[in-house]
Amino acid sequence: MSTWANLGLQDSSSPLMEQLIFFHDHALLILVMITVLVGYLMFMLFFNKYINRFLLHGQLIEMIWTILPAIILLFIAFPSLRLLYLLDEINEPSVTLKSIGHQWYWSYEYSDFNNIEFDSYMIPTNELSNDGFRLLDVDNRIVLPMNSQIRILVTAADVIHSWTIPTLGVKVDGTPGRLNQTNFFMNRPGLFYGQCSEICGANHSFMPIVIESVPVNYFIKWISKNLNS
Amino acid sequence: MSGEREVVGYGVNGSPIYIDCVEFPFPAIRYKEATPEICALREKELSDWKKLSLQEKKTLYRYSFGQTYAEFQHFTPEWKLIVGIGLWACAIGFLISLSYCAKLYGPFPETFEEERRQAQLRRIIQLEMQPITGLSSKWDYEKNKWK
């Protein structure tokens with residue numbers, strides 16, 4: 001979850017998010033270097049006293065400042081494409097979760113286990129406990145096992161919503177009439193928060209998502225408890 | 001427009017206009033009109049230059065040119081006015097935004113109270129949020145205090 005005055009990306013809970021953070025840092029470093037170089041050149045133009053009234057062309061420098069950006073772009077493109085294909089890798093998920101967006105709450109279905117279904121509403125600020133996170137805590141959290149591949153299918157019942165957990169690097173739009181599938185993997189236990197990311201009406205800012213990542217045996221206990229109730 | 005002044009070049013697309021400019025150093029027309037004194041000096045200029053006094057050299061310069069390089073290239077003081085106005089605008093904008101905080105925006109939600117913020121921080125640390133480079137990485141879990 002974001003903590004106070006968090007400026008950058010949240011710390012990752014997933015190996016893919018780690019790779020995304022590395023790529024982000026790499027690309028941003030290149031961008032900062034280019035910006036500093038161009039800023040320096042522009043600044044030095046202010047103090048330049050040289051004039052060449054008969055300047056017509058400079059073939060060598062034009063070649064250099066065409067080839068050099070192309071090489072810099074290669075340095076950005078190769079890691080980017082590597083990560084793009086890494087995100088699409090086939091793997092065998094152990095649990096499938098269906099997430100349906102409504103106006104203005106999420107409902108979840110675990111169809112692997114005799115249809116566990118529940119709705120997840122935001123806890124209003126005036127009903128929040130003393131240590132509750134405003135606009136983030138929900139009444140029913142999604143419980144999922146850690147260190148397992150999870151498949152999620154996102155859709156919506158009315159308008160387009162978007163299901164996201166920044167710390168896992170997942171953002172999937174839920175469109176009515178369509179199932180979007182993605183995979184993720186959590187490598188530590190805890191609570192992971194997200195908020196609806198597609199404008200969906202008056203309470204778009206008030207339909208958060210909370211995943212409770214637990215060891216596998218706790219997950220099985222939770223499933224059995226919910227099957228019986 | 002040129003009066004009696006001597007044309008010494010082609011000028012701007014054929015029109016001999018006087019301009020003081022670093023990029024085009026020699027204007028196409030003299031600055032002043034020819035007078036008998038100037039003509040005498042021009043004759044003297046044709047022989048040895050060491051015989052010309054400093055004042056005569058300056059007079060010959062001012063005959064052909066309106067300003068020296070130093071005169072038309074120095075910084076003007078307008079930047080002080082512009083910076084001053086800019087800083088005033090920033091100050092007034094800042095005061096207006098302060099007034100918004102005092103009047104326009106409502107009170108903070110109840111979760112901003114110190115006790116609730118402390119409780120939330122305790123929960124963030126217990127949940128080990130941002131444990132790699134963020135908040136929980138600064139907490140020493142063995143000694144139960146900040147690192």
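So you know, we letter chains A, B, ... as the sequences are listed, proteins then strands, and number each from 1.
Taking each heavy atom of B/Q120 and A/F133 in turn, the nearest pair found is OE1-CD2, 3.7 Å. Considering all non-hydrogen atoms of both residues, A/R188 and B/E128 come closest at NH1-O, 3.6 Å. Nearest heavy atom pair, residue A/M1 against residue B/M129, reads CB-SD, 3.5 Å.
Taking chain B as the reference chain and counting heavy-atom pairs below 4.5 Å, the highest number among A/L128, A/T167, A/N52 is found for A/L128. Contact count against chain B (heavy-atom pairs under 4.5 Å) is highest for A/G132 among A/S12, A/G190, A/G132.
The side-chain heavy atoms of A/L191 and B/R123, taken from C-beta on, include a pair separated by under 4.5 Å.
The environment of NZ in B/K44 is crowded: more than 12 heavy-atom neighbours from other residues, nucleotides or ligands sit within 6.0 Å. Heavy-atom contacts from other residues, nucleotides or ligands closer than 6.0 Å to CD of B/E43 number 12 or fewer. The number of heavy atoms from other shown groups lying within 6.0 Å of CD (B/E115) does not exceed 12. Remark: B/Y31 OH is loosely packed, at most 12 non-hydrogen atoms of other residues, nucleotides or ligands lying under 6.0 Å away. Under a cut-off of 6.0 angstrom, the local environment of CH2 in B/W79 is sparse, with at most 12 non-hydrogen atoms contributed by other residues, nucleotides or ligands. More than 12 heavy atoms of other residues, nucleotides or ligands sit less than 6.0 Å from atom NZ of A/K98. Applying the 6.0 Å contact sphere to OH of B/Y18 captures more than 12 heavy atoms from other residues, nucleotides or ligands. In B/Y61, the OH atom is crowded: over 12 heavy atoms of neighbouring residues, nucleotides or ligands sit closer than 6.0 Å.
Summarising the geometry, atom OG belonging to A/S2 is positioned 9.5 Å from atom CD1 belonging to B/I124; distances are rounded to the nearest 0.5 Å. The distance from the CG atom of B/L127 to the CG atom of A/D131 is 9.0 Å, given to the nearest 0.5 Å. To the nearest 0.5 Å, atom OG of residue B/S137 and atom CG of residue A/D11 are 7.0 Å apart. Rounded to the nearest 0.5 angstrom, B/Q130 CD and A/N6 CG are separated by 5.0 Å.
With sequence neighbours excluded, the residues satisfying side chain to side chain contact (heavy atoms under 4.5 Å, CB included) with A/I199 are A/H204.
Only the backbone of A/S129 comes within less than 4.5 Å of a heavy atom in chain B; its side chain stays farther off. Proximity to chain B is limited to the side chain of A/I51, based on heavy atoms less than 4.5 angstrom apart. When heavy atoms are compared at a cutoff of 4.5 Å, A/N126 approaches chain B by way of both its backbone and its side chain. Within the 4.5 angstrom heavy-atom criterion, only side-chain atoms of A/Y193, from C-beta onward, approach chain B.
Contacts between residues 88-114 of chain B and chain A, counted as heavy-atom pairs separated by less than 4.5 Å, involve B/P109, B/E110, B/T111, B/F112.
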